[in-house]
Amino acid sequence: MSKYLIIVESLAKAKIIEKYLGKDYKVKSCYGHVRDLHPKRLSVDIENGFVPTYEIPPDKKDVIAELKTAAADSEHVWLATDEDREGEAISWHLKVALKLEDKHTSRITFNEITKPAILEAIKKPRKVNEDLVNAQQARRVLDRLVGFELSPLLWKKVMPALSAGRVQSVATRMVVDRERDIESFKRESSFRIVGEFTTSEDKTVSAELPTRPEDEAAAHDFLDTCRVACFSVKSIETKPGQKSPSPPFTTSTLQQESSRKLGFSVSQTMTVAQKLYEEGKITYMRTDSVNLSATALEETKELIITRFGDTYSKPRQYKTRTKGAQEAHEAIRPTDPSQSAFDGDRSMVRLYDLIWKRTITSQMANARLEKTTARIGISTREEEFIARGEVVIFDGFLKVYEVSVDDEQQEGEKGLLPVMTVDESLALQHMTARQRFTQPPPRYTEASLVKNMEEQGIGRPATYAQTISTIQKREYVTREDRPGYERHYRVLTLGSDDISSATEVEITGAEKAKLFPTDIGEIVNDFLVEQFNRIMDYGFTASVEEEFDEIALGRIAWPVMIAKFYNPFHESIITATERADKATGERLLGVDPASELPVFARLGRRGPMVQIGEYNTENKPRFSSLQDGQNIRTISLDQALDLLKLPRDLGVYNEEPVSVGSGRYGPYVRYGEKYLSIDTETDDPLEIDLVRAIALIAEDHKKREERLIKTFPENPSVQVLNGKFGPYISIDGKNVRIPKDQTPISLTLDECLELATKSKPGRSQRRSRRKR
DNA sequence: CAGTGAGCGAGCTTCCGCTTGACTT
């Protein structure tokens, strides 16, 4: 029995702290929040001061029971949850759920897991800060009210099972707005003029004209006047320059960098980082702070000096400037900076390498550069060419790491300029005027969307990955690759004497793993923006955060703040419920020439679809859902009519009718009572004929055979199959797991039946049983 | 995951922010 119990939020943290303290201390984890509102009920008493009803979620019962026992065995309990609003609330919930008495309970905090920090914290116990807890309750209740009143409105006005919330709806809006910026972007072109010259020492120097003629005629005119011109160096200027390293990683910057450099998705980054954390290789990965502990600073400094020398060391403490940052943890860094690499899982090794380098470089000296600018005069014109060179004279942090940039690489590599002197005349080799186009704003990647969310203070490190996945799961946003298209551009070249021109081709607009809004996303977004302007405003979170801060300072009571928000909000809900039309995004595509019926595209109960005919005419309308890659806003009448050609009868095979249709799960071939999905990558449902359909049926048959490991002639309802998770037994459509010590191929019928009777119901079956 | 339709309409869906294992049949 230990005298003291310390409760922290994370298991790995508990283990570390336990090591630091003597055997008088037991350190346990509560695994995050231990009480919450019911997942399906509102659990907020709106009439009576918004009083929330909290309960212990089923998966937390064991944790609470264990902590209760541990608390009963201890003289004193230290609530050491994170030093932020949520952490304070967790401590309060723990106190209530564990029925801890004031005199046996203290609240302590530390924002770095080092021995001195913890010992210091224990010396400064305090009470749970009720005001801060109230700020958290306000946050929780507001999110619940917004989510649970907006979502049902969408079920009525748009489509069932949709969702809306303070964070996800604004994140979706960012993607929609960006897409519209891109659509309305007016592409302009101009001519970039570059000359290549030879110096007196027979070296080549490339220089660009700082102004760009707007059209080909002007570019031609410029080149024409250069034909007879002499060129000479007007001035050479050398200036020192610097580059500084980036601050250590936070969750958001780690996600960005690992997306750019490793191509990881946001959730992949978090999974790998979690593993590194659990293995003790890095500090906590959900953080908004760029702060490094004193020990980390010291160790890093030492390492840099030993490895690279004194001149490379420049200890720095960075300041967190992110909106709403709570800084309950350190920045993400290696726990042991002297370990620069290790053997193991490739993803872990690569992510660790990124973290190690970022941490080390953040403590290294700036790189020093020498930037040279040479201006080259033209005898026949006023303008001057400019040649730029850049040399690194001291590499500093660049020795270890170079930051990558999101946007397209700048044109033209910079290097050292050849030696030139003022007034030196230069011989023109050739000059080109190349048509260049302005770029629309870039589409978001998962990581750059997180970056933007963070800048607006929307979402938290613990939820970025979750939010990104929610808006994709709801099909508001899709992550896709898009092929580029060919673009022609003009190039004029001034050679030794004459000007030639040509049209060249480049590929542009290709996208990889970018976020696009879907029809549903746009329709939901437009509906919400129209009806709930305040919540959909990018600044909404920031503005309510200010009020939460007021609550945390004890200046206003949280139910007062919530009432002030809720009353007008609820009014808009009522107005929208009564007055707003259903939002379907309906578009009239035209009239079918054959039947003279109108054709529409709109959002149906099961997603985007096309419709021919109307309900008020004698014939019922027919429907077809859109295929992947088709949009309500862009589909043409012909494409819609093609879709409406389904289902098509193809003929008869083995006395069974064969047809092609399109259902809720996409296009399919129907053969008798069997359906098989068509892969639109390889087949077009409108092109498939009976021969191809029969081939697909045969293919499917073969696949089914391959899945089959074993059958029993005496009982055909029992099969041993190979599934997604390995071999299993199927009995009358019921699936049974095979224990690890059994070989699937050698199972007998009796063994299968026995396993079936003994098998424990899985999670889904247990749930349905409880329902009954 | 299993399944392939749409003026029936019962009963369902939903938020954000803290945490990790379950373990898919």
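Computed from a predicted structure; not experimentally measured. Order of the sequence lines sets the chain letters (A, B, ...), proteins ahead of strands, with each chain counted from 1. Side-chain atoms are counted along with the backbone in the values below, which use heavy atoms only and exclude waters and symmetry mates.
By the 30° and 60° cut-offs, the orientation of the rings of Tyr284(A) relative to Tyr277(A) is perpendicular. Ring pair His93(A)/Tyr54(A) is perpendicular by interplanar angle, where above 60° counts as perpendicular and below 30° as parallel.
In this model, the phosphate group of dT13(B) is not approached by any side-chain N or O of Arg41(A) to a distance below 4.0 Å at OP1 or OP2. Of the side-chain N and O atoms in Gln611(A), none sit less than 4.0 angstrom from OP1 or OP2 of dA6(B). The shortest distance between the side-chain N/O atoms of Arg166(A) and the OP1/OP2 oxygens of dG17(B) is below 4.0 Å. The shortest distance between the side-chain N/O atoms of Tyr675(A) and the OP1/OP2 oxygens of dA2(B) is not below 4.0 Å. Under 4.0 angstrom from either OP1 or OP2 of dT13(B) there lies at least one side-chain N or O belonging to Lys40(A). Contact annotation: Gln168(A) reaches the phosphate of dC15(B) (side-chain N/O to OP1 or OP2, under 4.0 Å). In this structure, Thr81(A) does not reach the dC18(B) phosphate: none of its side-chain N or O atoms is under 4.0 Å from OP1 or OP2. For the OP1/OP2 pair of dT13(B) and a distance below 4.0 Å, the side-chain nitrogens and oxygens of Ser151(A) include no atom meeting the criterion. In this structure, Arg605(A) does not reach the dG9(B) phosphate: none of its side-chain N or O atoms is under 4.0 Å from OP1 or OP2. Considering only side-chain N and O atoms, Ser163(A) lies nowhere under 4.0 angstrom from the phosphate OP1 or OP2 of dT14(B).
Closest contact between the side chain of Ser10(A) and the listed nucleotides dT13(B), dC18(B), dT19(B) involves dT19(B). Side-chain proximity of Asp82(A) to dG17(B), dC15(B), dT19(B): nearest is dT19(B). Picking from dT14(B), dT13(B), dG17(B) the nucleotide with the shortest atom distance to the side chain of Pro160(A) gives dT13(B). Side-chain proximity of Asp143(A) to dT13(B), dC16(B), dA6(B): nearest is dC16(B).
Leu646(A) has its CG atom 12 Å from the C1' atom of dT4(B), to the nearest Å. As a whole-Å value, the separation of Ile612(A) CD1 from dA6(B) C1' is 16 Å. In this structure, Lys28(A) places its NZ atom 15 Å from P of dT20(B), rounding to the nearest Å. Atoms CG (Leu162(A)) and C1' (dC15(B)) sit 14 Å apart, rounded to a whole Å. Distance Asp84(A) CG to dT19(B) C1': 13 Å, rounded to the nearest Å. Between Phe50(A) atom CZ and dC15(B) atom P the separation is 21 Å, expressed in whole Å. Summarising the geometry, the separation between CE on Met159(A) and C1' on dT13(B) is reported as 11 Å, rounded to the nearest angstrom. Across the protein-nucleic acid pair, Phe540(A) atom CZ and dC15(B) atom P stand 16 Å apart, rounded to whole Å.
For the pair Glu278(A) and Arg144(A), both in contact range of DNA chain B, the more 5′-proximal nearest nucleotide belongs to Arg144(A). Position along DNA chain B of the nearest nucleotide to Gln466(A) versus Glu149(A) favours Glu149(A) as the more 5'-ward residue.
Within 4.0 Å (heavy atoms only), Tyr464(A) reaches no atom of the nucleic acid at all. Residue contacts for Gly87(A): at a heavy-atom cut-off of 4.0 Å it reaches no nucleic acid atom on any strand shown. Note on Arg622(A): nothing from the nucleic acid sits closer than 4.0 angstrom, heavy atoms only. At the heavy-atom level, Ala89(A) lies nowhere under 4.0 Å from the strands shown. Within the nucleic acid shown, Arg474(A) comes within 4.0 Å of sugar-phosphate atoms alone, with no base atom in reach, counting heavy atoms only. Nucleic acid contact for Val167(A): sugar-phosphate only, since backbone atoms but no base atoms lie under 4.0 Å from a heavy atom of the residue. Heavy atoms of Gly165(A) sit under 4.0 angstrom from primed sugar atoms or phosphate atoms, though from no base atom.
Counting heavy atoms from C-beta on, the side chains of Asp592(A) and Leu641(A) come closer than 4.5 Å. In this structure, Ile17(A) and Phe110(A) have side chains that are in contact, with non-hydrogen atoms separated by less than 4.5 Å. By the 4.5 Å heavy-atom criterion applied to side chains, Glu9(A) and Glu86(A) are not counted as neighbours. Contact of the Val44(A) side chain with the Phe148(A) side chain is not registered, since no non-hydrogen atoms from C-beta on lie closer than 4.5 Å. Here the side chains of Arg35(A) and Lys60(A) are not in contact, with every heavy-atom distance at 4.5 Å or above.
Residue-to-nucleotide contacts include a donor-acceptor pair under 3.5 Å from the side chain of Ser677(A) to the base of dT4(B). With hydrogens and angles ignored, no donor-acceptor pair under 3.5 angstrom links the side chain of Arg286(A) to the base of dC18(B). Taking only distance into account, the side chain of Arg140(A) meets the base of dC15(B) through a donor-acceptor pair shorter than 3.5 Å.
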List the steps and the verdict of side-chain contact (heavy atoms from CB on, under 4.5 Å) for Met561(A) and Phe548(A). CA-CA 8 Å; Met561(A) 181 249 148; Phe548(A) 296 151; 3.7 Å; yes
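Distance alone, capped at 3.5 Å, places no donor-acceptor pair between the Ser289(A) side chain and the Glu327(A) backbone.
Both geometric conditions, a ring-centre gap below 5.5 Å and a plane tilt below 30°, are fulfilled for Trp155(A) over the base of dT13(B). Aromatic stacking is not marked for Tyr668(A) over dT4(B), as the cut-offs of 5.5 Å for the centres and 30° for the planes do not both hold. Residue ring and base: Tyr31(A) does not count as stacked with dT19(B) (centre distance below 5.5 Å and interplanar angle below 30° not both satisfied).
Screening Leu696(A), Leu650(A), Asp684(A), Asp649(A) for a side-chain contact (heavy atoms from CB on, under 4.5 Å) with Val660(A), the sole residue that qualifies is Leu650(A).
A cation-pi arrangement is absent between Arg166(A) and Phe540(A), since the terminal nitrogen or guanidinium carbon is not both under 6.0 Å from the aromatic centre and inside a 45° cone about the axis.
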Using Watson-Crick and G-U wobble pairs whose two distances are both under 3.5 Å, how do you write the pairing of DNA chain B as dot-bracket, with | for links to another strand? .........................
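dT24(B) and dC1(B) are spaced 11 Å apart, taking the P atom of each and rounding to whole Å.
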